[in-house]
Protein chains: 2
Amino acid sequence: MRYLKEFRHIILYGLILAMLVFALKWLQWKFVLVDNAIDIYIGLVALFFTILGIWVASHIMRSRVETLIVEKEIIVPQSEPFAINTAELQKLNLNSREYEVLQLLAQGHSNADIAASLFLSISTIKTHVSNLYFKMDVKSRTQAITKAKQLKIIE
Amino acid sequence: MRYLKEFRHIILYGLILAMLVFALKWLQWKFVLVDNAIDIYIGLVALFFTILGIWVASHIMRSRVETLIVEKEIIVPQSEPFAINTAELQKLNLNSREYEVLQLLAQGHSNADIAASLFLSISTIKTHVSNLYFKMDVKSRTQAITKAKQLKIIE
DNA sequence: TGAATTTTGGTACTAAAGTATGAGGGTAAC
DNA sequence: GTTACCCTCATACTTTAGTACCAAAATTCA
């Protein structure tokens, strides 16, 4: 199908040429009586074939249009989906419970709240929190939250 | 200058045509002796002018350049410079001192620290903090910090 | 199995945070 | 001038947070 379309112009050109054989023969016979007619005849032929050549070329050329690609930059703001800083988290050497407590702490929960949600006693939470502060080198929950967010070890 | 360049092909075409007048006359005289020479002669003319037409057309067409603009998405790691949510901040209706205290609070400072840095008594800070909690609808400094960061009213 | 670590919990205490209430001085609007 | 905030500070109290020290299960690892 593609080849048919590609060579459409060439086939058309062939057909037109075939038709011209007859047309030329007729013209040749008609102008034979007129003096100097041969010059006019050749002139017409030249003109016709020039136009034909231009027409054919323009149709062939159309598929060969130079395409200048201009890249237009569009800035797409990338909202980074927050990645936990695993390296910093490992440095602190928190155990799983301590990290769990830290997360709840940073959400604004009290020791009592945390104890309730983890089904532990307040004493246990206090122990975890104290160890947490020691490991994080802070002295209060507010400092712990601030530091944890700075280090990107919690959301 | 531009016009000269634009019509260069047309001028060239004209010159070639002038030269052809002589060439044709010479060919016409030469082939007059040969039988059926006129057909060959016309065929050559047709062929030549077709090629000429194609040549002219291809040179004219060459100046037709399509400009295709392709939008290229470029992902920029846009580090947004943090904008304080003024709307939310106004909703809370905090006065200047309360907001000042909130900022220091969120940095992990104790009431005593805040009092020292603002040259105020701890009592004053406690009052501000209490009013702050009431306006923010929270019950502790950790909740205040969490909420303030959520609302983006502090850095 | 034994040692180390984690997880849990307790008591006792101190420090800090938070609440409630009052009060005095300042400023700005009505 | 009175009303309404804003800012300051105080006292008294309750609650929560945080420290220190201890200890018993549970788990992990060599």
Side-chain angles (χ1 to χ4, degrees), chain A residues 84 86-151 153-155, chain B residues 84 86-151 153-155:
Chain A
I84 290 171
T86 321
E88 288 291 342
L89 190 54
Q90 280 190 330
K91 271 190 202 168
L92 293 179
N93 194 31
L94 305 181
N95 60 47
S96 59
R97 272 310 201 195
E98 284 164 355
Y99 185 57
E100 211 168 354
V101 168
L102 174 61
Q103 287 177 317
L104 293 168
L105 206 88
Q107 285 168 26
H109 297 296
S110 67
N111 289 342
D113 287 341
I114 298 169
S117 61
L118 295 181
F119 304 102
L120 298 173
S121 73
I122 295 177
S123 298
T124 308
I125 303 303
K126 282 189 175 183
T127 307
H128 288 320
V129 169
S130 272
N131 294 333
L132 191 60
Y133 293 169
F134 177 75
K135 288 182 180 177
M136 289 183 75
D137 190 32
V138 295
K139 287 183 181 295
S140 70
R141 54 213 297 114
T142 56
Q143 283 178 17
I145 294 170
T146 305
K147 191 157 190 175
K149 295 213 175 188
Q150 272 180 0
L151 297 177
I153 58 176
I154 52 163
E155 270 189 71
Chain B
I84 290 171
T86 322
E88 288 292 342
L89 190 54
Q90 279 190 330
K91 271 189 202 169
L92 293 179
N93 195 29
L94 305 181
N95 59 49
S96 58
R97 272 307 204 196
E98 286 164 354
Y99 185 56
E100 210 168 353
V101 168
L102 174 61
Q103 287 176 318
L104 293 168
L105 207 86
Q107 285 167 26
H109 297 296
S110 66
N111 289 342
D113 287 341
I114 298 170
S117 60
L118 295 181
F119 303 103
L120 298 174
S121 75
I122 295 178
S123 296
T124 308
I125 302 305
K126 281 190 175 182
T127 306
H128 287 319
V129 169
S130 270
N131 293 334
L132 191 60
Y133 293 170
F134 177 74
K135 288 183 180 177
M136 289 183 75
D137 191 32
V138 295
K139 287 183 181 294
S140 69
R141 56 212 296 115
T142 56
Q143 282 178 19
I145 294 171
T146 305
K147 192 158 188 175
K149 296 213 174 188
Q150 270 179 2
L151 297 177
I153 57 175
I154 52 161
E155 272 187 70

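A note on names: the letters A, B, ... follow the listed sequences, proteins ahead of strands, and every chain is numbered from 1. Please read these numbers as outputs of a predicted model, since none were measured by experiment.
Spacing between atom CG of A/Leu105 and atom P of D/dA17 amounts to 9 Å, rounded to whole angstrom units. Rounding to whole angstrom units, CG of residue A/Asn111 and P of D/dG18 are separated by 6 Å. Atom P of nucleotide C/dT8 and atom CD1 of A/Ile114 are separated by 13 Å, given to the nearest angstrom. Here the P atom of nucleotide D/dC6 and the CD atom of B/Glu100 are 15 Å apart, to the nearest Å. What separates NE2 of A/His128 from P of D/dT19 is a distance of 15 Å, to the nearest Å. Between A/Asn131 atom CG and D/dT19 atom P there is a gap of 10 Å when expressed in whole angstrom units. Here D/dA17 presents its P atom at 13 Å from NZ of B/Lys139, a figure rounded to the nearest Å. Rounded to an integer number of Å, the gap from A/Leu132 CG to C/dT6 P is 14 Å.
Contact between the side-chain N/O atoms of A/Asn95 and the OP1/OP2 oxygens of C/dT6 is not found at any separation under 4.0 Å. Remark: A/Ser123 is not in phosphate contact with C/dG9, judged by side-chain N or O atoms under 4.0 Å from OP1 or OP2. Here A/Tyr133 does not reach the OP1 or OP2 of D/dT19: none of its side-chain N or O atoms lies under 4.0 Å away.
Distance alone, capped at 3.5 Å, is enough to place a donor-acceptor pair between the B/Tyr99 side chain and the B/Ile153 backbone. One N or O on the side chain of B/Lys135 and one on the backbone of B/Asn93 form a donor-acceptor pair closer than 3.5 Å. Put simply, the side chain of B/Ser140 never gets that close to the backbone of B/Val138: no donor and acceptor are under 3.5 Å apart. Side-chain atoms of A/Gln143 come within 3.5 Å of backbone atoms of A/Lys139 as a donor-acceptor pair (strictly under, hydrogens ignored).
In this structure, B/Lys126 and A/Ser140 both approach DNA chain D, and ranking their closest nucleotides by distance from the 5' end singles out B/Lys126. Between B/Arg141 and A/Leu120, the residue anchored closer to the 5' end of DNA chain C is A/Leu120, taking for each the nucleotide with the nearest heavy atom. Of the two residues contacting DNA chain D, namely A/Val129 and B/Arg97, the nearest-nucleotide position lying further toward the 5' end is that of B/Arg97.
Residue contacts shown for A/Ser110 are limited to sugar-phosphate atoms, with no base heavy atom under 4.0 Å away. Heavy atoms of B/Ile122 sit nowhere under 4.0 angstrom from any nucleic acid atom. Residue contacts shown for B/Ser121 are limited to sugar-phosphate atoms, with no base heavy atom under 4.0 Å away.
Out of C/dT8, D/dT19, D/dT8, the shortest distance to the side chain of A/Thr124 is found at C/dT8. Taking the side chain of B/Ser130 as heavy atoms from C-beta on, and the options D/dC9, C/dG18, D/dA17, the nearest nucleotide is C/dG18.
To the nearest 0.5 Å, the span separating OG1 on B/Thr142 from CG on B/Leu105 amounts to 9.5 Å.
Judged by atom type and distance alone, B/Thr127 reaches the base of D/dC9 through a side-chain donor-acceptor pair under 3.5 Å.
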